[in-house]
Amino acid sequence: MRVTIIYDNEVHALGLRSGWGFSCLIEKEGTPNILFDTGANDSILLHNMEKLDLDPLSIGMVVISHAHWDHTGGLSRFLDKNKEVGVYIPESCPEPKGAKEVIVVKEPLEICSGIFSTGELKGIEQSLAVRTGKSLTVIAGCSHPGVENILKSASQFGSPYALVGGLHGFSQFDAIKDLSLICPCHCTQYKSEIRSLYPEKYVGGGAGRIIDIT
Ligand SMILES: [Zn+2]
Ligand SMILES: [Zn+2]
């Protein structure tokens, strides 16, 4: 599988724009391409998608982690460009207009083959867990429910191998010691601490970063 960071507070690849927020593309063989979150600003989202050669019509479904503006800001204009997608939202998120179908997620759920939602945790946010072979990649928006809770919930689907996304307020660094790959993005406050504790696991984020996991 492949995770491409489309929108982040920092830039990794030349020509892309940064902005407060998060969005990434999840590609897995045999499943539709998933747009996970949409950043804050629709112009930045669409600019970065174009630079990454990513046609909005190539997206098969959208998953919104939580209702905050820095994750939903690009959704409405994206749905103008692609009216055929289903949008998975946690129960606490207002229903977006313009989607072909809106699926409200409360409990853990397999959204397509090998791709799972943790369900809405702590009444605010869902994360995704993508299974490939023996490994499980966890994708988080802001991690408001707590990284420990997200990883615990994801564990019902397999053994977490990688974690990609915003780790807001996260400082219980022991909780990620068993992961093999960690890519802290967006609102993560303690990137340098995570990097110095786990240099061999650390992958820097930024718009344009591509992570391949087998
Ligand atoms: Zn948030
Ligand atoms: Zn956020």
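Side-chain N or O atoms of T188 include none that pairs as donor or acceptor with a backbone N or O of H168 at under 3.5 Å. The backbone N or O of T132 sits nowhere less than 3.5 Å from a side-chain atom of K28 that would complete a donor-acceptor pair. Remark: the backbone N or O of F173 is paired with a side-chain donor or acceptor of Y198 at under 3.5 angstrom. The main-chain N or O of G169 is found under 3.5 Å from a side-chain atom of Q189 such that the two form a donor-acceptor pair. Proximity of a side-chain donor or acceptor of E125 to a complementary backbone N or O of S143 within less than 3.5 Å is detected. Between the side chain of R195 and the backbone N or O of Y202 there is no donor-acceptor pair closer than 3.5 Å. No donor-acceptor distance shorter than 3.5 angstrom exists from the side chain of S117 to the backbone of P108, with no hydrogens or angles considered. Listed for the Y7 side chain is a donor-acceptor partner under 3.5 Å among the backbone atoms of N41.
You'll find the side chain of I194 reaches within 4.5 Å of the side chain of L167, heavy atoms only. A heavy-atom distance below 4.5 Å is found between the side chains of S23 and L35. Under the 4.5 Å side-chain criterion, counting only non-hydrogen atoms from C-beta, I26 is not in contact with T31.
Here the straight-line distance linking atom CG of N82 with atom CZ of R77 works out to 14.5 Å at 0.5 Å rounding. Put simply, OH on Y161 and OG1 on T137 are 8.0 Å apart, with the number rounded to the nearest 0.5 Å. One finds the CD1 atom of I211 at 5.0 Å from the CD1 atom of I5 (value rounded to the nearest 0.5 Å). Distance check: D8 CG to C24 SG gives 10.0 Å after rounding to the nearest 0.5 Å. Between atom CD1 of residue I34 and atom CD1 of residue I115 there is a gap of 3.5 Å, rounded to the nearest 0.5 Å. Atom CZ of residue F170 and atom CD1 of residue I150 lie 10.0 Å apart, to the nearest 0.5 angstrom.
Taking every heavy atom of both residues into account, F22 and A140 meet most closely at CE2-O, 3.8 Å. Scanning all heavy atoms of the two residues, the minimum distance from G74 to L45 falls at O-CD2, 3.8 Å. Listed here is the closest heavy atom pair of H186 and K191: O-NZ, 3.9 Å. Residues L75 and T38 approach most closely at N-OG1, 3.2 Å, considering heavy atoms. In this structure, H71 and S65 approach most closely via the heavy-atom pair ND1-OG, 3.7 Å. Taking each heavy atom of A207 and N48 in turn, the nearest pair found is CB-ND2, 3.9 Å.
Legend: residues meeting side-chain contact (heavy atoms from CB on, under 4.5 Å) with W69, ordered by chain and number and at least two apart, are W20, A40. For S153, the side-chain contact (heavy atoms from CB on, under 4.5 Å) criterion is met by T118, L121, Q156, not counting sequence neighbours. Applying the side chain to side chain donor-acceptor pair (under 3.5 Å) test to H68 and every residue at least two apart in sequence or in another chain returns H66, H144. Partners of D212 according to the side chain to side chain donor-acceptor pair (under 3.5 Å) rule, which considers only residues two or more places apart in sequence or in another chain, are R2.
Under the 4.5 Å side-chain heavy-atom criterion for Ile, Leu, Val, Met, Phe, Trp and Tyr, V138 and I210 are members of distinct hydrophobic clusters. One hydrophobic cluster, built from ILVMFWY side chains closer than 4.5 Å, cannot hold both F36 and F157; they sit in different ones. Residues I111 and M1 share a single hydrophobic cluster, defined by chaining ILVMFWY side chains whose heavy atoms lie under 4.5 Å apart. Each of F116 and L151 belongs to its own hydrophobic cluster when Ile, Leu, Val, Met, Phe, Trp and Tyr are linked at side-chain heavy-atom distances under 4.5 angstrom. Cluster annotation: L25 is not connected to I213 through the hydrophobic network of ILVMFWY side chains, with a link wherever side-chain heavy atoms come within less than 4.5 Å.
Atom NZ of K152 has 12 or fewer heavy atoms from other residues, nucleotides or ligands within 6.0 Å. Taking a 6.0 Å sphere around OH of Y190, one finds it holds 12 or fewer heavy atoms contributed by other residues, nucleotides or ligands.
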Sequence neighbours left out, cut at 3.5 Å: what donor-acceptor pairs do the side chains of residues 49-64 make with other protein atoms?
unit_1: D55; atom_1: OD1; unit_2: L57; atom_2: N; d: 2.9
unit_1: S58; atom_1: OG; unit_2: D55; atom_2: O; d: 2.6

May I have the list of side-chain donor-acceptor pairs in residues 87-103 shorter than 3.5 Å, sequence neighbours left out?
unit_1: E91; atom_1: OE1; unit_2: K106; atom_2: NZ; d: 3.3
unit_1: S92; atom_1: OG; unit_2: E120; atom_2: OE2; d: 2.7
unit_1: S92; atom_1: OG; unit_2: I124; atom_2: O; d: 3.4

